[in-house]
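See structure below.
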Number of protein chains: 2
Amino acid sequence: MTGHTQRGQCAKRLSILEAAAEVFCNQGFAGASIDEIAAAACVSRQTIYNHYREKETLFVAVVEDVMNRANAMLFSMLSTFPDNADNLEDDLTAFVVRLNRNCICNHDGKFLRKLVQMEGERYPHLFESWRQHGPGKLTTALSALFARLAHKGALVIDDFDVAARQFVALGNADLQMTVLFGGMPTDGELEKAARNAVRTFLKAYGRPGPEKASPQPQLATVSG
Amino acid sequence: MTGHTQRGQCAKRLSILEAAAEVFCNQGFAGASIDEIAAAACVSRQTIYNHYREKETLFVAVVEDVMNRANAMLFSMLSTFPDNADNLEDDLTAFVVRLNRNCICNHDGKFLRKLVQMEGERYPHLFESWRQHGPGKLTTALSALFARLAHKGALVIDDFDVAARQFVALGNADLQMTVLFGGMPTDGELEKAARNAVRTFLKAYGRPGPEKASPQPQLATVSG
DNA sequence: GACGTTTTAGACAATGGCGTCTAATTTTAC
DNA sequence: GTAAAATTAGACGCCATTGTCTAAAACGTC
């Protein structure tokens, strides 16, 4: 190894991280065994100890890895905000669908939620970082978006932060159980959930003006 | 033992269940040790094996015990619904405060949430029962309440089930992080969160009629 | 006070996981 | 091709935990 190391290592590393994420997620930190991780990664136990000093080191590395992926995904999502106020309902709906699919209900989202619940108190620094870069970034960005839209007159909002948190909460309202048990909703469920969420959000915060926010005022909602 | 057994046992049983709940919640099933539970319960290890055949038996008993308490609490809450439409905002707010304090953010709520996340896949029957008797009962009851209120003309709702889920989701929107990390919000936070939730809910579903739903249309919201 | 039950402390074997070590083998770099 | 580095399988010591067992103590009831 003459300096820039990585290559054969890299494949093994990724294999280990992936397998460890799976096993930690299913068994928890205490329940996960290094041997099981090694087997799942098709790697010898010693190789794991070669890369990570001990079980805890591996665990922290796994969490950081998943967090990085999740953060990158969130960041790429936040750059696709709807910025003009035409088609606001459809744009927001599409955003919620993608947010739920790519950040909340996906593999990494499930992993982080489980881990925060299970080991959050044991690694406060790790999960404080998650909070800031995940939910924190999301609500901050949403808050800014809503401020822009309110400035344009497309929304009527008194507290942008509250509205942002409520937006996220509404986006998950119909998926709570699926999400809690780790399932992935179907495309249809994602679509329905997002539509219900945005419809209610706009009923509460949409401009009351030209009666355009909700096209069919009294039609039955797509039920969950 | 002359027939109806229980008495000295009962105290020990409760002590064991309480301690086990604490330890299981903090360490997870795999991480919890019988000795630690015994020590926390001020009981010898053999006594535990005397009441519960093995670790898993104890675990199931603990979950069922907590679920029963939580269900009883929820049931008592559901009987205190606001039923008349005057003071709807205040009544709903008070309900959300109590719901969050007594069912969502309290000890048992935290325990069940953690356990559902951690071990839900390993005990599907147990947690299906939780889902039905907990969140299921809650949204059903809320749905019925909203139907009554809509019938009276106090609310305008197209899909009662969706509205019920959204109501719960909004009630937690401002507390997500506190709840996730197992903390108990202060009274002030509970009050603010509930008020924000109900205000938004009524903006979306309140009768638009005599401009009474939101007393100060454009005043700043109590921010979270 | 006597008897049956429950509890207790501790010893005990069995299991399984962690982390180390070694010697052989494979991969990589040059 | 050769040397350095990485990987592997497996054995090993160590420790924690589970669940059993036993003999003594505490308890409750009559």
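Here is how names work: the chains are called A, B, and so on, in the same order as the sequence lines, proteins then strands, and each is numbered from 1. Keep in mind it's a predicted model, so treat the numbers as computed, not measured.
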When you check the phosphate oxygens OP1 and OP2 of [N], does a side-chain N or O of [X] lie under 4.0 Å from one of them?
{"X": "A/Ser44", "N": "D/dA9", "result": "no"}
{"X": "B/Lys12", "N": "D/dA26", "result": "no"}
{"X": "A/His51", "N": "D/dT7", "result": "yes"}

Can you tell me if A/Asn106 uses its side chain to pair, donor with acceptor, with the backbone of A/Gly109 under 3.5 Å? yes
Tell whether A/Glu54 reaches the base of C/dC18 with its side chain through a donor-acceptor pair below 3.5 angstrom. no
Mind checking B/Ala32 for me? I need base, sugar-phosphate or nothing, with any heavy atom below 4.0 Å counting as a touch. sugar-phosphate
Length of the line joining [X]:[atom1] and [N]:[atom2], which is rounded to integer Å:
{"X": "A/Leu58", "N": "C/dG17", "atom1": "CG", "atom2": "C1'", "value": "15 Å"}
{"X": "B/Asn50", "N": "C/dT5", "atom1": "CG", "atom2": "P", "value": "13 Å"}
{"X": "B/Ile48", "N": "D/dG19", "atom1": "CD1", "atom2": "P", "value": "11 Å"}
{"X": "A/Arg45", "N": "D/dG10", "atom1": "CZ", "atom2": "P", "value": "11 Å"}
{"X": "B/Gln46", "N": "C/dA11", "atom1": "CD", "atom2": "P", "value": "15 Å"}
{"X": "B/Ile34", "N": "D/dG19", "atom1": "CD1", "atom2": "P", "value": "6 Å"}
{"X": "A/Tyr49", "N": "D/dC12", "atom1": "OH", "atom2": "P", "value": "18 Å"}
{"X": "A/Lys55", "N": "D/dC15", "atom1": "NZ", "atom2": "P", "value": "18 Å"}

Audit row: B/Asp65, B/Arg69, salt bridge (charged side-chain N to carboxylate O under 4.0 Å, His left out) steps and yes/no: CA-CA 6 Å; B/Asp65 179 59; B/Arg69 272 212 308 278; 3.1 Å; yes
Measuring from B/Gln166:CD to B/Tyr205:OH, what's the distance to the nearest 0.5 Å? 4.0 Å
For A/Met73 against A/Cys103, the heavy-atom pair lying closest together: CG-SG, 3.8 Å
Please report the C-alpha distance between A/Asp90 and A/Arg195 in whole Å, then the side-chain angles of each, then the deciding distance to 0.1 Å, and finally whether the salt bridge (charged side-chain N to carboxylate O under 4.0 Å, His left out) criterion is met. CA-CA 8 Å; A/Asp90 290 343; A/Arg195 202 152 285 282; 3.7 Å; yes
If each of B/Phe29 and A/Val43 is mapped to the nucleotide of DNA chain D with the nearest heavy atom, which maps nearer the 5' terminus, i.e. the 5' end? A/Val43
